[in-house]
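Below is one structure, written out as structure tokens; comments come after it.
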Amino acid sequence: IETNYQAADRLMASATSALDRSAPIIVATFVNIDDLNRSSRLGRLVSEQVSAKITQLGYTVIELKLRGTLFVKRSEGELLLSREVREISASHKAQAVIVGTYAQAATHIWINIKAVGAENNEIVAAHDYAMPLTANLRSMLP
């Protein structure tokens, strides 16, 4: 949790001039870098923790699981493909979408997190970090 909270802190600190705390932000489920259409328990949990921290920082975060206008696959979470970002963001009046990818290596999980402007797909902030691949994390991967 602490590692993901620190990553969210760093991401939002680098985006302070580009993001308004009162304008909505969407956090998408983090996906496997090798298959952008699939996630895992790890991807869903990391996005939930990042969403929690961004909320704690005072930003307005939209909870997509409660919205009827977005189809959420039960096993995948809220996957946002680039062609969907503008449409979903517009319907929720979001200023940005937080997206992330992860990759499993021999000893670590490498994670990339980005804040992407909803209107122009411009990356306004990005952060990379790693977590040691423990037995707990391994059990959350397919």
Side-chain angles (χ1 to χ4, degrees), residues 1-67 70-142:
I1 295 172
E2 188 59 34
T3 302
N4 291 320
Y5 276 19
Q6 287 174 359
D9 277 333
R10 289 184 178 132
L11 179 76
M12 300 313 284
S14 67
T16 54
S17 63
L19 297 178
D20 177 355
R21 288 187 193 274
S22 64
I25 294 173
I26 294 171
V27 179
T29 298
F30 286 30
V31 295
N32 184 317
I33 190 77
D34 295 323
D35 186 353
L36 299 177
N37 291 314
R38 300 201 81 205
S39 188
S40 63
R41 278 186 287 158
L42 176 69
R44 292 186 297 275
L45 181 62
V46 170
S47 67
E48 291 289 331
Q49 291 171 352
V50 166
S51 177
K53 183 59 180 182
I54 292 171
T55 301
Q56 292 167 10
L57 292 171
Y59 289 88
T60 302
V61 178
I62 301 296
E63 176 57 78
L64 293 178
K65 290 186 291 296
L66 299 179
R67 299 288 182 155
L70 177 67
F71 176 71
V72 178
K73 291 184 185 178
R74 184 176 202 178
S75 64
E76 301 301 326
E78 306 83 33
L79 300 177
L80 293 182
L81 303 175
S82 60
R83 67 181 180 272
E84 299 170 316
V85 170
R86 283 193 184 136
E87 179 182 317
I88 293 168
S89 299
S91 69
H92 295 285
K93 297 185 172 87
Q95 65 175 322
V97 180
I98 307 300
V99 297
T101 56
Y102 63 86
Q104 179 182 345
T107 61
H108 286 79
I109 303 270
W110 299 95
I111 301 175
N112 172 271
I113 180 173
K114 297 175 186 166
V116 180
E119 288 186 16
N120 58 12
N121 288 353
E122 178 182 326
I123 298 171
V124 297
H127 180 67
D128 294 300
Y129 63 107
M131 295 189 291
L133 183 57
T134 63
N136 279 337
L137 289 181
R138 192 181 318 272
S139 74
M140 298 176 77
L141 295 165

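Every value quoted in this text rests on a predicted model; they were computed, and no experiment measured them.
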_Going by salt bridge (charged side-chain N to carboxylate O under 4.0 Å, His left out), name the pairs with one or both residues in residues 14-36, residues two or more places apart or in two chains._
none
*Report yes if the side chains of Gln56 and Tyr5 come closer than 4.5 Å at any heavy-atom pair, otherwise no.*
yes
*Closest heavy-atom contact between Leu11 and Ser14?*
O-OG, 2.8 Å
Output a table of donor-acceptor pairs, distance under 3.5 Å, between side-chain atoms of residues 98-118 and any protein atom two or more places apart or on a different chain; print 'none' if there are none.
| from | atom 1 | to | atom 2 | distance (Å) |
| --- | --- | --- | --- | --- |
| Tyr102 | OH | Ser40 | OG | 2.7 |
| Asn112 | ND2 | Asp128 | OD1 | 2.6 |

*Hey, could you give me the CD/NE2 distance between Gln6 and His127, rounded to the nearest 0.5 Å?*
8.0 Å
*Sub-3.5 Å donor-acceptor pair from the side chain of Ser51 to the main-chain atoms of Ser47, do we have one?*
no
*Quick one: CG on Leu45 to OG1 on Thr29, what's the gap to the nearest 0.5 Å?*
11.0 Å
*To the nearest 0.5 angstrom, please state how far the OG1 atom of Thr134 sits from the CG atom of Leu137.*
3.5 Å
*Are any of the side-chain heavy atoms of Gln95 and Val124 separated by less than 4.5 Å?*
no
*Measure the spacing between NZ of Lys93 and OG1 of Thr60 and express it to the nearest 0.5 Å.*
14.0 Å
_Donor-acceptor contact present, side-chain Gln49 to main-chain Asn4, <3.5 Å_ = no
